[in-house]
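Shown next, in structure tokens, is the structure this report addresses.
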Amino acid sequence: MNIFTIDVPLCKDFGRILKKMNKNVTFLEDPLNQSHLFKDSTDLMKSLFILPLHISKDSWQETSLFALAESHEIPILFIYNRALGTETPPALPENTFYETIAIPANSVEVRIKLNSLKNISMQLFTAKMKGQELEKIHQKSARSLRIAKGIQLSNLPLSINNEDIEVKGLSLPSSELSGDLFYWTEVDDRIYGFIMIDVFGKGIHTALINMSIRTLIPDLFKRVKDPIFITEELDKHMRDLFQGVNRENKNHALFTAFIAYVNTKDRLIEYVNYGFTSAFLYSPSTNQILNLNEGATPSELIPELPIKKIVFHYEPGSRFIIYTDGLSKTPNPFAFDRSDNIKREFIENVHLDTNKLLQELLISRMRHSVINDDICIIAGTLF
């Protein structure tokens, strides 16, 4: 063990006791300027400071060594004159461990104290190393999550704004990564495909599912061109993803989806609502909201379930919103479904431009309660 002290009478007396026990003692002349001796972690683990219990504020060496011990968490063995007794010292360490011993002392007493502080020092070192390792793991994980989040954000579709249609989206993950996703694209001349997916649960697995589905969607939209077939393909994809997963984790394979094609030439919408995903269409001539949940199919991993497609014409100037349940549902213990509120807010703010409409819907949710689920919203206008 590396024992350090300073050149004061009490410490010199104790140094002689240690010398008789074949212990090496280093006397520091300027502790703060000699702090390089404790830079290495193994040096810290093996180090011990000897100091008078009653540190003199006038002794810069004593106060410097005390400060050094606190900053590097080096254990201290405080010594005091046995004949004078133990009056309450003016200061004791707050950031490191310490023991006290009266001198003169026999070798047995000294050995017990030294072994005690040595064990404490090793425990401190081990705990610090574990803490540093955990911090490295945390930093590495945080960096990986930031990169993954950047990849997710870069895969969000660009806004569309032309003479036929305007559409914008908003994504707010409840943590670094999102399980919910949306996508749209022009699949043919003046025909657009839309999809909103809400993956069951929270965690990294939902983000992996998100990205797995995201890679399929562009090709699906252009190859299949039918909401029913796309729903069946996604259902099959989810079953394949969870094929080797334990039975108790099969429920994480569930998802809800709203899939639609908008033909702006014929002003025709065809959609599938798979799992009661929320979607509203505003009709300007009637000032009414159409709830796009007709024919909604409960989302289960059962291929035989009938999936119903709804087809209807829209009028020019119609506006729409599609959103995942992070916008409408609030956390326990006072769980509340805000669907009616959102419907009302949509009507009240339908005159706003699309960016402001998205912001109003999100701000309203944020005012209500803590957000503990991913939120995705699509909003737009059909001209």
Side-chain angles (χ1 to χ4, degrees), residues 1-140:
M1 197 167 194
N2 302 320
I3 301 173
F4 299 91
T5 188
I6 52 177
D7 190 4
V8 295
L10 200 60
C11 294
K12 287 167 69 175
D13 292 342
F14 192 69
R16 283 189 281 270
I17 296 173
L18 293 173
K19 189 174 182 180
K20 290 178 183 178
M21 296 171 60
N22 295 319
K23 303 288 184 183
N24 292 322
V25 182
T26 301
F27 288 86
L28 300 176
E29 296 181 0
D30 189 349
L32 291 181
N33 286 331
Q34 292 175 281
S35 60
H36 62 276
L37 296 171
F38 319 107
K39 293 293 184 186
D40 191 272
S41 57
T42 54
D43 290 334
L44 290 172
M45 181 182 67
K46 298 175 183 177
S47 297
L48 169 68
F49 286 175
I50 308 294
L51 272 171
L53 179 60
H54 298 89
I55 293 175
S56 171
K57 292 182 179 180
D58 297 328
S59 171
W60 64 270
Q61 285 182 315
E62 293 179 23
T63 55
S64 295
L65 197 60
F66 184 91
L68 199 61
E70 284 271 73
S71 63
H72 291 287
E73 298 180 7
I74 299 172
I76 303 172
L77 179 58
F78 286 112
I79 54 177
Y80 63 94
N81 193 310
R82 190 183 296 272
L84 298 177
T86 55
E87 295 180 3
T88 303
L92 286 171
E94 295 181 357
N95 299 322
T96 190
F97 287 90
Y98 63 90
E99 289 275 10
T100 60
I101 187 170
I103 58 170
N106 61 51
S107 60
V108 175
E109 286 181 283
V110 174
R111 190 168 285 108
I112 290 171
K113 296 291 185 180
L114 292 179
N115 285 338
S116 172
L117 287 170
K118 181 180 179 181
N119 291 335
I120 289 171
S121 181
M122 291 182 69
Q123 290 172 17
L124 279 173
F125 175 78
T126 302
K128 186 180 289 186
M129 290 299 101
K130 286 182 179 178
Q132 290 176 357
E133 194 63 32
L134 287 172
E135 179 61 25
K136 287 179 183 177
I137 293 171
H138 172 74
Q139 290 177 359
K140 189 175 181 180

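Side-chain atoms are counted along with the backbone in the values below, which use heavy atoms only and exclude waters and symmetry mates.
At most 12 heavy atoms of other shown residues, nucleotides or ligands fall within 6.0 angstrom of atom CD in Glu29. Dense packing is recorded around CG of Asn106, with more than 12 heavy atoms of other residues, nucleotides or ligands lying under 6.0 Å away.
Counting all heavy atoms, side chain and backbone alike, Leu28 lies closest to Gln61 at O-NE2, 3.7 Å. Between Glu70 and Asn95, the shortest heavy-atom contact is OE1-N, 2.7 Å. Nearest heavy-atom pair across Thr5 and Ile50 is OG1-O, 2.9 Å. Closest approach of Leu68 to Pro31, counting heavy atoms only: CD2-O, 3.6 Å. Considering every non-hydrogen atom in both Phe66 and Ile76, the closest pair reads CD1-CD1, 4.4 Å. Considering all non-hydrogen atoms of both residues, Ser47 and Pro75 come closest at O-CD, 3.9 Å.
Counting only heavy atoms from C-beta outward, the side chains of Val110 and Lys23 never approach each other to under 4.5 Å. Ser107 places none of its side-chain heavy atoms less than 4.5 Å from the side chain of Lys20. The shortest side-chain heavy-atom distance between Phe97 and Glu73 does not fall under the 4.5 Å cut-off. Side-chain contact between Val25 and Lys19 is absent, with no heavy atoms from C-beta onward closer than 4.5 Å. Tyr98 is not listed as a side-chain neighbour of Leu51, based on a closest heavy-atom distance of 4.5 Å or more. Between Trp60 and Asp30 the shortest side-chain heavy-atom distance falls below 4.5 Å.
Looking at Lys113, its side chain does come within 3.5 Å of a backbone N or O of Thr100 through a donor-acceptor pair.
For the atom pair Ile112 CD1 and Leu117 CG, the distance stands at 12.0 Å (nearest 0.5 Å). Rounding to the nearest 0.5 Å gives a distance of 5.5 Å between CD1 of Ile17 and CD1 of Ile103. The structure places CG of Asn24 at 10.0 Å from CG of Leu18, a figure rounded to the nearest 0.5 Å. The distance from atom CD1 of Ile101 to atom CZ of Phe78, rounded to the nearest 0.5 Å, is 13.5 Å. Of the inter-residue distances, the one linking Phe49 atom CZ with Thr96 atom OG1 reads 9.0 Å to the nearest 0.5 angstrom. Atom-to-atom distance recorded for His54:NE2 and Ile79:CD1 is 12.0 Å, nearest 0.5 angstrom.
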### Query
Can you list the steps and then say if Leu114 with Leu48 is a side-chain contact (heavy atoms from CB on, under 4.5 Å)?
CA-CA 9 Å; Leu114 292 179; Leu48 169 68; 3.3 Å; yes

### Message
For a salt bridge (charged side-chain N to carboxylate O under 4.0 Å, His left out) check, start with the C-alpha distance between Lys140 and Glu133, then their side-chain angles and the critical distance, and finish with the verdict.
### Response
CA-CA 11 Å; Lys140 189 175 181 180; Glu133 194 63 32; over 6 Å; no

#### Entry: Intermediate values then yes/no, side-chain contact (heavy atoms from CB on, under 4.5 Å), Asp13 and Asn81
CA-CA 10 Å; Asp13 292 342; Asn81 193 310; over 6 Å; no

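Under 3.5 Å, the side chains of Glu99 and Ser116 contain a donor-acceptor pair of N or O atoms.
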